[in-house]
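In what follows, a single structure is set out as structure tokens and then discussed.
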Amino acid sequence: MLTKETFYDRVYKIVREIPEGRVTSYGAIAKALGTAGSARMVGYALRASQGVYPPIPAHRVVNRVGMLSGKAAFGSLDMMQQLLENESIVVENDRVVDFKNLFWEPNYGE
DNA sequence: GCTGTGACACTTT
DNA sequence: CAAAGTGCCACAG
């Protein structure tokens with residue numbers, strides 16, 4: 001059942017599969033779902049995932065440069081950074097250090 | 001009428 | 001300059 005679920009359900013599952021100490025980008029998730037041009041939808045799904053169960057580690061999802069763009073959706077700007085540092089991820093200037101090295105590709109359907 | 005799903009153009013990196 | 005991201009708005013059920 002891959003095409004029966006809505007786009008949002010797929011986004012939630014992929015973000016939940018992100019291992020600790022690893023991060024991914026909006027475009028990577030969007031492309032994994034087959035809609036690389038609708039990365040906007042991914043962001044909105046994460047925004048809604050904070051008030052639903054189970055809680056989605058949206059703090060591990062950043063943009064292509066590793067910037068904590070949606071950090072405001074967590075309640076505190078530093079909160080997202082602290083969570084990332086808690087995962088052994090170094091964050092400086094609101095950006096993940098060596099992000100490309102910590103980049104995790106969402107393999108949906110694996 | 002309200003809630004859910006689906007997209008493009010503008011801004012930032 | 002060009003590519004990727006943006007955490008919403010509008011249409012449909």
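Chain identifiers are assigned alphabetically (A, B, ...) following the order of the sequence lines, protein sequences preceding nucleic acid strands; residue numbering begins at 1 within each chain.
A:Arg22 has no carboxylate O lying under 4.0 Å from a charged side-chain N of A:Glu87, or vice versa, which leaves the two without a salt bridge.
Taking atom NZ of A:Lys71 as the reference point, atom P of B:dT12 lies 14 Å away to the nearest angstrom. The separation between A:Met67 atom CE and C:dT6 atom P is 10 Å, rounded to whole Å. Across the protein-nucleic acid pair, A:Met41 atom CE and B:dA9 atom C1' stand 15 Å apart, rounded to whole Å. To the nearest angstrom, C1' of B:dT13 lies 14 Å from CG of A:Asp94. Between the P atom of C:dG5 and the CG atom of A:Leu33 lies a distance of 13 Å, rounded to the nearest Å. For A:Tyr8 and B:dG6, the OH to C1' distance is 7 Å, given to the nearest whole Å. Rounded to an integer number of Å, the gap from CG of A:Leu68 to P of C:dT6 is 11 Å. Atom P of nucleotide C:dT6 and atom CZ of A:Arg40 are separated by 11 Å, given to the nearest angstrom.
Checked by atom type and distance alone, the side chain of A:Thr24 pairs as donor or acceptor with a backbone atom of A:Trp104 at under 3.5 Å.
When the nearest nucleotides of DNA chain B are assigned to A:Val65 and A:Phe7 by heavy-atom distance, the more 5′-ward of the two goes with A:Phe7. With the nearest nucleotide of DNA chain C identified for both A:Gln50 and A:Lys31, A:Lys31 has the one nearer the 5' end.
An OP1 or OP2 oxygen of C:dG5 is reached within less than 4.0 angstrom by no side-chain nitrogen or oxygen of A:Ser69.
Counting all heavy atoms, side chain and backbone alike, A:Phe74 lies closest to A:Ala58 at CZ-C, 3.3 Å. Across all non-hydrogen atoms, the minimal contact from A:Pro106 to A:Ala28 is CG-O, 3.6 Å.
B:dC8 is unpaired under the Watson-Crick or G-U wobble criterion, no partner having all donor-acceptor distances under 3.5 Å.
For A:Ser25, the side-chain atoms get nearest to C:dG5 when compared with the rest of B:dT5, C:dG5, B:dT13.
At a threshold of 4.0 angstrom between heavy atoms, the contacts of A:Gly70 include nucleobase atoms, whether or not backbone atoms are also involved. Across all strands shown, A:Ala39 has heavy atoms under 4.0 Å from base atoms, whether or not it also approaches the sugar-phosphate.
A cation-pi arrangement is present between A:Arg10 and A:Phe7, with the terminal nitrogen or guanidinium carbon under 6.0 Å from the aromatic centre and inside a 45° cone about the axis.
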